[in-house]
Amino acid sequence: MTTATELLTLTLPNGDTKEVQAGTTPLQVAESIGPRLAKDAIGAELDGKVVDLRHPLSASGSFRLFTTKSPEAGEFIRHSAEHVLADAVKRLWPEVEIDAGRQDHSEKYQYDFRFPRPFSPEDFETIEAKMVEILAENATFERQELSREEAKDLFTELGETLKLERLGDIPEGETITVYRHGRFVDLCRGPHVQRASQIGAIKLLEASGVYFRGDEANEMLQRIYGTAFGKAKELDEYLQRIEEARARDHRRLGQDLDLFSFNPSAPAAPFFHPKGAVVYKELEQFIRERYAAYGYGEVLTPQILDVELWKTSGHYDNYREAMFFTEADGRELAVKPMNCPTHCLIFAQRLRSYRDLPIRYADFGRLHRYERSGVTSGLMRVRSFCQDDAHIFCTDDQVESEVVAAVHLILEVYRTFGFDDMEIEVSTRPEKAIGSPEMWDRAEGSLKAALDGQEMAYGVDEGGGAFYGPKIDFKVKDAIGRQWQLGTVQLDYQLPQRFSLRYVGADGDEHRPVMIHRAMLGSLERFMGVLIEHTAGAFPLWLAPVQAVILPVSEKFKDYGEGVRRQLAENGIRVELDARGEKLGYKIREAQLQKIPYMLVVGGREEESETVAVRRRAGGDLGALSVAEFSERAKDLISKRSGEL
RNA sequence: GCCACUGUAGCUCAGCUGGUAGAGCAACUGAUUCGUAAUCAGUAGGUCGUAGGUUCAAGUCCUAUCAGUGGCUCCA
């Protein structure tokens, strides 16, 4: 507790310091600086932690005020719009009980309601109109600290039984605060804006049924999502960004570029068309070449295996709901959802010496997992897929160097795709874990040591590991800033034990190998989805289904075009001839929409000089190049998997 | 699996409170032989996701079911 006489020192962004009495609020600080600032202030930050304008300060530190113009204002605005949403719904339907809003207000807000029927699109309009009305009332947001008893009485009186439950979730000793604007009051830790008018533009986005506290066993509530900004212009920009993401949607591009399709005959299992298959196979080939460099042996294993194997591996007990089963000769069989057990069988197939280790098996086998119908999505979450999956069997001593090599390999692969911005996370021992704490400590130690040795920055997800071992996850950021988890390196002490794997050590005794699960792109299907959205369908040259298209200016130059086509095709370039009797502009437009890297225009001038006029997808005309020169340059770029001419 | 929404021509979509389907693009045919993002004209194309039901009458209303979308939950 601070005494009223205690002085705090606030360091302002410009370096000045300001002495204030403990218990002073940021709003009072703003007022002491100037009336204009006090009016525009929306929130504050003390030592990097966001504080509400009305929250009494109790510590010194670096201090900043946010105004309606600060980029940070959005958090305050959306959090407050959330209360306005709840207020609007309560005003329209007083019998509704409110639950709670959202933690993260970086983009959206949401509120859950107990309401006997779902909200309809018409309700949205009504609610939005009511929210606008509330904003116009321009009520001030007020913060109030209550004792637990007072809070209990308040929400009992209001008939908010869900709120009473939420109140029970707050640990003893924590300050309980409520925020009011007008007649609406909500249990909330803030922070909020000063006045409703600081919320400039609101929009409701979507509705959903959700379980109370996220537990499937609980009753279902109705959730409404929305977003809000200080200015209408910012809202428009946000909606435009959503539009941009929609234009990149891999499902749409998959259709437009004729890459893949889905069919109800096999829900959530993609059919790759010839063009999509080119990309898929190129990805596979790329990975395969890396395997050669890093000492992996590629294996091929069966698709359908006796259920006994899955009992041995533990998948039957832990993973059965996600597996497909069949039956033959009176035996129960399972379609493989993972490659690891089959690799254990190959390892165990003969007596292994420590001299054989590490052994690295890579597998592009097809996997099938039953994903619940509501969770599948395009290529991102499918039921039939393949991973760039490998399992490394090694000794305890080799773990660290194997992890280092795997990390190297992963980074090398990402660099090829231009994924430079990435996040690495180490997940440690979860509550439900097998194996001794010492073993876990050692395993986690070697993962961290491997990353430290490479001077890689990483975060730690305490308790986020799998029950059988700790792991490293790799997340990359795509062109529009979204994060995707792709690669993983996981240590596994469980499976070698279950399959009684062993090797003969230098000491002549039998030892248990360690198994490392490792994926780089993750599932090829999903990676392709990510790549399509990252590149907006404009694949790098080496992956482009059609790398160049020859466009005769008129049908008169069809024969010359065909000659060029053959010459390039002979050189291994994926090339097409567009011999249709259309005008050049039309064919260019079409090639451009198909995102073909090079358009080779051929007409009289080119035929004369045995050249092609090169137009790039990315814009810019390269002028006339001889067929041989274009061919050489393209081949070179393709083989280096680099950018474009 | 749960909540909401969607399903009409190859694609994108229109079709008001029920009165037996329409546009643009694509396809096909013909004309045009063309120089860097859409040449013109014509033709053909749909048991309105599927199955029931209500009705004199269903793309439109009801029920079931399949698939998809956005969320929730799940993702050893």
Side-chain angles (χ1 to χ4, degrees), chain A residues 108 110 112 115 117-121 123-124 205-225 242 246 249 251-252 255-256 258 261-268 310 313-323 337-338 340 369-378 380-383 430 432-434 465-469 471 485 490 492 494-495 517 522-523 526 549 551-558 579-594 599-606 613-617 619-624:
Chain A
K108 294 177 180 180
Q110 68 190 37
D112 296 354
F115 194 44
R117 65 171 178 86
F119 292 105
S120 68
D123 292 335
F124 267 41
L205 299 171
E206 60 233 0
S208 163
V210 294
Y211 304 105
F212 181 57
R213 288 203 179 108
D215 186 340
E216 260 177 282
N218 287 341
E219 72 169 301
M220 189 156 261
L221 306 176
Q222 305 297 325
R223 175 175 296 172
I224 297 177
Y225 291 87
I242 292 181
R246 202 196 306 272
D249 189 315
R251 291 165 299 197
R252 180 185 206 89
Q255 161 78 29
D256 291 349
D258 197 17
S261 61
F262 289 89
N263 188 286
S265 305
W310 306 106
S313 71
H315 288 99
Y316 191 82
D317 285 337
N318 291 308
Y319 204 67
R320 196 178 348 166
E321 295 73 40
M323 291 170 67
M338 295 180 197
C340 21
R369 297 183 189 172
Y370 174 76
E371 299 281 0
R372 294 163 95 187
S373 63
V375 308
T376 58
S377 172
M380 298 303 188
R381 188 97 174 253
V382 290
R383 289 180 177 164
K432 201 184 98 186
I434 56 131
F467 70 92
Y468 51 74
K471 60 173 180 173
Q485 204 230 293
Q490 309 188 356
D492 187 351
Q494 154 103 335
L495 223 44
H517 303 251
S523 122
R526 181 160 176 278
V549 61
L551 308 177
V553 167
S554 80
E555 282 176 287
K556 276 194 287 196
F557 308 103
K558 204 168 111 180
R580 296 174 302 171
E582 297 288 350
K583 291 174 78 167
L584 181 62
Y586 180 87
K587 295 199 276 196
I588 284 179
R589 177 183 153 81
E590 207 153 89
Q592 192 72 43
L593 292 175
Q594 286 295 307
M599 286 153 257
L600 309 178
V601 176
V602 294
R605 297 200 289 274
E606 287 74 22
V614 184
R615 183 189 209 274
R616 302 193 315 163
R617 156 183 78 183
D621 204 324
L622 293 181

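In what follows, chains carry the letters A, B, and so on, assigned in the order in which the sequence lines appear, proteins first and then strands, with residues in each chain numbered from 1. Nothing here was measured: the structure is a model prediction, and the numbers come from that model.
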Check every strand shown and say whether [X] touches a base, only sugar-phosphate, or nothing at a heavy-atom separation below 4.0 Å.
X	value
A207(A)	base
G378(A)	sugar-phosphate
M338(A)	base
Q222(A)	sugar-phosphate
F119(A)	nothing
E555(A)	base
E606(A)	base
Y586(A)	sugar-phosphate
G214(A)	sugar-phosphate
G603(A)	base
A268(A)	sugar-phosphate
R605(A)	base

Original post:
If each of R580(A) and H517(A) is mapped to the nucleotide of RNA chain B with the nearest heavy atom, which maps nearer the 5' terminus, i.e. the 5' end?
Top reply: R580(A)
**OP:** Between E371(A) and N263(A), just flag the one whose closest nucleotide in RNA chain B comes earlier from the 5' side.
**Re:** N263(A)
Checking contacts here: which listed nucleotide ([options]) is nearest the side-chain heavy atoms of [X]?
X	options	answer
F467(A)	rG70(B), rA76(B), rG1(B)	rA76(B)
P264(A)	rC66(B), rC75(B), rU69(B)	rC66(B)
A613(A)	rG71(B), rU39(B), rU36(B)	rU36(B)
R223(A)	rG70(B), rC72(B), rA76(B)	rC72(B)
L584(A)	rC74(B), rG35(B), rC72(B)	rG35(B)

Original post:
Any side-chain N or O of R615(A) less than 4.0 Å from the OP1 or OP2 oxygen of rA37(B)?
Top reply: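 R615(A) to rA37(B) OP1/OP2: side-chain N or O found under 4.0 Å.
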**OP:** Look at K583(A) and rU33(B) and indicate whether a side-chain polar atom (N or O) is within less than 4.0 Å of OP1 or OP2.
**Re:**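 False: K583(A) side-chain N/O out of range (4.0 Å or more) of rU33(B) OP1/OP2.
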Original post:
Among side-chain atoms of R223(A) and Y225(A), is any donor-acceptor pair under 3.5 angstrom?
Top reply: yes
Original post:
Is a donor-acceptor pair below 3.5 Å formed from side chain R251(A) to base rU69(B), judging by atom type as modelled?
Top reply: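 By the distance-only test, no, there is no pair.
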